[in-house]
Visitor: 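Got a structure here, written out as structure tokens. Questions coming.
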Amino acid sequence: MKPPPFDHHAPETLEEALEVLARTGEDAKVLAGGQSLIPLLNMRLAAPAHLVDINRVASLDTLEVTEEGVRIGALARHARVERSAQAAATQPLLRAALRHVAHPVIRNRGTVVGSLAHADPAAELPAVLALLEGTVEAASVAGRRTIGAAEFFAGPLESSLRPGELATGAFFPALPANAGIAFAEVARRHGDYAMAGAAALVTVDEDQRVSSARVAYLSVAATPLVLDLTGVLERRPPVTCDWAAAAAYARDHMDTDEDIHASAEYRRHLAGVLTERVLRAAAQQAL
Amino acid sequence: MTSMFGEPIVRREDPRLITGQGRYLDDLGRDALAAAFVRSPHAHARITGIDVDDALDVDGLVAVYTWEDLPGRVGERLPLLIPHPALTHGRTAYALARDVVRHVGEPVVMVVARDRYLAEDAAERVRVTYEPLPPVVGIENAANAAERVHDDVPGNVGAHLVQQTGDADAAISAAPHVLEFRLDIERSASMPLEGRGVYARWDADDESLRVYSSTQTSTSVRMAIAARLGLSAAKVEVIAPDVGGGFGVKIMHPWPEEVLIPWAARLLGREVKWAEDRREHFISSAHERGQVQHVRVGFDDEGRLLGLDVRIQHDHGAYTPYGIIVPIITSTQLLGPYKPGVYRVEFTSLYTNTVIVTPYRGAGRPQGTFCMERTMDRIADELGLDRAAVREVNLIRPEEFPYDQGLIFQDGRPLIYDSGDYPEMLRRIKELIGWDDFGAFRAEAERNGRRVGIGLACYVEGTGVGPYEGGHVEVDSSGRVHVATGLTSQGQGHQTVFAQIVASELGVPIDDVVVTTGDTRRFRYAVGTFASRAAVMSGNAIALASRKVREKALRVAGEALEADPHDLEIVDGVVRVKGNVTASIPLRTVAVLSNPLRYAFDDATAQATQFAVGGSMDEPPLTGEPGLEGTEYYSPPRSTFASGMHAAIVETDPDTAEVRILRYAVLHDCGRLINPRIVEGQIHGGVAQGIGGALYERMVYDADGQLLNASFMDFLMPYATEIPHVETGHMETASPLNPLGIKGAGEAGVIPGSAVIAAAIEDAEGIRITRMPISPSELYHLRLEAAAGTAERTRHARSAAIP
């Protein structure tokens, strides 16, 4: 379990990093927290010729919280975002989800943007970004662009970043007024990849009726699955909402796979259970 | 006398180990060459070609070896360590595969390079071509034998053994009640945090070999290496450095690497090291547990066993280097604390194209206990009786010891239990868990929409198997007491408990006692650390050696003090006349006096030189042997039998089918306790592994024999977050078989894990649990099957209408 040979690049500025990425193109992988990449290298499941280590690029180590939302630089560790009171106040779903990301030692090193770029459908943060309709900011020597979550997650472990492009940051929109969030997942052990997970964003109108209800799922599809359950809930007050109908709708609108930990059927069942749980909790919070 | 025996002192090894000062195998030999292996990607295949040309381009490559390069005994089949007459078709592997590979992970080519990175680079470039052969995976395929693992082993049957105490079939047929059912247990593995590893240094001038191995038996590895390499044992030293866990997998030996690394070191005249990585460990070290059991039992109206017939199919993997110890233990220890009526047990040990099976902590007992305890629960359910009451009527009574079960145990000796008090233990475990009050707890939980269940499981464990261990105790002229025993340590706390024994026996401060284990330079004769035997075997040997040293110290001190040795005592390292504190002599001085000298090199030794000592001019200066030291051996007539009972309360989530352990209680009897804290630590670790085996761990092989979860991402060992607080009660029924009255404790905690968790889940769900481990996904499907009528509900559930 030693990686095959690679060239290690350690740029100190964004410009240098982009220049190296432009030069190395498809042969390069970006190293930030390394919590997924290093095991892949050690198991020789990935063999990039170049590692572009961005850990010295201080300008990427940022966390900005504004009324609009939370902007996270490519070097901000999970733990920093998790512990930020401002970030939690502006978008509480971040902290709620981050607490489910592996274990504290991994969160001390792993980065939020790295997790998004890795695009693992079993990871928490891609589902959160998808639910909130956030964006990823990408840069290359050719310029910068902003990629919406729906476009960003192209497939399992596949983002729409292009060769030579670096994800420099991500933006998670703030929690709207009269809205609530909830996050829940079921994993075999504390901190494992979830067999199924769900994040909900529910808003209520001035009559305290559910005006919007969306749920994003992890581990149930090749990319984060977002379902709009507003219609199923028929704009009722939370106390009379038919959560089970929403769960049933969700179960009918996903095509789960089996793995060694969960059958496809059990995974779908869990997604339904979690749908109910997160919707109830988010609606309660929205009131 | 300083009595450290029985004190819950903290482990003396921990400050060093938990501050990163341990020296494990891979901490040694930083400049050694590194070995890596090309391992079979196929479960069963014929090797048609090996092309190493591309590997030769790797800068830093030193050597590449295949089976054809192995000379003489290095290239012969590895030894069958424990032959048995019933093992009629024992087969072992070659150190590097010859012609045919029989499991994924079998070593085919060894690469030696400047470091492990380069060795892996080179290994990746070796091209081995294979002609795939049909793989045999799983017990049913092995038994059906449509394909063979070994051409010359018909039916894939390596061994077949029947033991019986009478006509079980007749007893069962005549019984008022009869039940018949099947049980399944899946594979798991020892999975120590440190994998295996070997580091060898050849001294060309001295023509001697020093080998470090992360092993549970350095003395036997030494003999194996000497035999394979054609060296005199006197020219081979084997040392087990700090070992990061063993749990059984490191008692297997010699592993291919334990032969190949020393061989390569001698051939190359260079230090060579191999430290196993995790993926290698999963696919090339040993597994355990996998069995299918068919039970037929006859019993009376009170649940008393009248006849028991168990047929076991045991999956031993591709080869049988460790013999059939595991199924022998399952079939004998299955009986637990019970009288089975007439017992018949039969096992068939089967080849499959999977990793070999050798003992993992518990060593066949978890399967046996699962079988017997599931049987007890089934009987109780059939009769509508309390599960504890059914166990009670079957228990061996205290006055019935020694109790002969009428079988032959794993050490080739009769299965005779030496001591125990099972009825009292049952009373106490019920009290500890609140067995009789559980109904109220359940009712309250149900009112809150929760689903809970309680389970109980009992076992007896034969510990401290022979043939022997030894101990050497020596007091030096600084007063320090050096203790050595040949068996090895993997974290058990030997530095602490052996020092406690010596401190108590000799009357010295524990801080003066230094313990060395597993170093053949210090102690050459030993068997090894397995079967919960270290405390029993080496503990007693060290106690006997301490007594010998004490006797000598009193004799030498008596001469110096002009006192009768019987009037002397040793307190805090000082020999003194009882009742006269001024007439005393420190042990360090006694040590000097015990070695009459011609030459002095410090003030202390000057006291022992020829013009300093007085005494008779007619007697020789030395009586007996020089030095304040002694060696003794302990060899028991039979194993000593520890016992325990576990009870657990679980909650199952009605929606997600997750299982949470609310309480876990242990009653444990390992005879006299040397150190209760260490015994509890052993129990806690064992319970964690038991829960792992019950709810998390399994080896997932696909039909092609590929291990699908060969990493810690997918092989789920429980974290601290999955393990509940363990409530422990001790009993101390001394063993009459050894001087210290102790029994083994190392494996105890793991044994009833699957049995007790299965019982509690069954109680919560009202659905029969017949296979372990069980995952939430499987429990969910069991619920669906029970609802559809294809999985069986318990009678209790049917009558109580549990949903």
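Small disclaimer: the values here were computed from a predicted structure and weren't measured. Here is the naming used below: chain letters follow the sequence lines, and residue numbers restart at 1 for every chain.
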Visitor: When rounded to the nearest 0.5 angstrom, what distance separates CD1 in I260(A) from CG in N709(B)?
Guide: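 Here the rounded value is 4.0 Å.
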Visitor: Answer with side chain, backbone, both or neither: which region of E124(B) has an atom nearer than 4.5 Å to a non-hydrogen atom of chain A?
Guide: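 The side chain, not the backbone.
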Visitor: For E722(B), is there an ion pair with R188(A) - N to carboxylate O distance below 4.0 angstrom?
Guide: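 Judged by the 4.0 Å cut-off on N to carboxylate O distance, R188(A) and E722(B) do not form a salt bridge.
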Visitor: Using a 3.5 Å distance criterion without hydrogens, assess whether the side chain of Y780(B) forms a donor-acceptor pair with backbone atoms of L270(A).
Guide: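 Looks like no, no N/O pair under 3.5 Å.
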Visitor: Crowded around R783(B) CZ? As in, over 12 foreign heavy atoms under 6.0 Å?
Guide: yes
Visitor: Do M1(A) and E280(B) have side-chain heavy atoms sitting under 4.5 Å apart?
Guide: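 No, their side chains stay 4.5 Å or more apart.
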Visitor: A quick test of your reading: do over 12 heavy atoms of other residues, nucleotides or ligands sit less than 6.0 Å from CZ of R95(A)?
Guide: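 For R95(A), atom CZ is crowded (more than 12 foreign heavy atoms under 6.0 Å).
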Visitor: Name the option with the most non-hydrogen atom pairs under 4.5 Å to chain A; the candidates are D115(B), L118(B), D714(B).
Guide: D714(B)
Visitor: Check whether more than 12 heavy atoms from other residues, nucleotides or ligands sit under 6.0 Å from atom CG of D31(B), and answer yes or no.
Guide: no
Visitor: Taking the six-membered ring for Trp, are H103(A) and Y719(B) parallel (under 30°), tilted (30 to 60°) or perpendicular (over 60°)?
Guide: perpendicular
Visitor: In Å and rounded to the nearest 0.5 Å, what is the OH to CD distance from Y266(A) to E778(B)?
Guide: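 Going from OH on Y266(A) over to CD on E778(B), the span is 10.5 Å.
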Visitor: Which atoms of E276(A) are under 4.5 Å from chain B, going by heavy atoms: the side chain, the backbone, both sets, or neither?
Guide: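 Contact with chain B: none, neither part.
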Visitor: Sort P39(A) into side chain, backbone, both or neither according to what part of it lies under 4.5 angstrom from a heavy atom of chain B.
Guide: neither
Visitor: Would you check if H261(A) and S775(B) make a side-chain contact, meaning some heavy-atom pair closer than 4.5 Å?
Guide: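 Sidechains of S775(B) and H261(A): no contact.
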Visitor: Checking A264(A) against chain B: side chain, backbone, both or neither under 4.5 Å from a heavy atom?
Guide: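 Contact with chain B: none, neither part.
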Visitor: If you count the non-hydrogen atoms of other residues, nucleotides and ligands that lie under 6.0 Å from CG in D252(A), is the total more than 12?
Guide: yes
Visitor: Going by heavy atoms in the side chains, are P776(B) and V186(A) under 4.5 Å from each other?
Guide: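 A side-chain contact is absent here, since even the closest heavy-atom pair is not under 4.5 Å.
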Visitor: Indicate the atoms forming the closest heavy-atom contact of A262(A) with S777(B), along with that distance.
Guide: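 For A262(A) versus S777(B), the nearest heavy atoms are CA-OG, 3.6 Å.
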Visitor: Is P3(A) close to Y117(B) at the side-chain level, that is, under 4.5 Å between some pair of heavy atoms?
Guide: yes
Visitor: At a 4.5 Å cut-off on heavy atoms, which part of D653(B) comes close to chain A: side chain, backbone, both, or neither?
Guide: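 Side chain of D653(B) only, per the 4.5 Å heavy-atom cut-off to chain A.
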Visitor: Before accepting this row, confirm whether a basic side-chain N of the pair R277(A)/D655(B) lies closer than 4.0 Å to the acidic partner's carboxylate O.
Guide: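 Yes, this pair counts.
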Visitor: Just wondering, more than 12 heavy atoms not from E158(A) lying within 6.0 Å of its CD?
Guide: yes
Visitor: Would you say that T721(B) contacts R189(A) through its side chain, given a criterion of any heavy-atom pair below 4.5 Å between the two side chains?
Guide: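 Heavy-atom side-chain distance check fails, nothing below 4.5 Å.
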Visitor: Which residue out of H269(A), E265(A), R44(A) racks up the most heavy-atom pairs below 4.5 Å with chain B?
Guide: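 Winner by heavy-atom pair count: R44(A).
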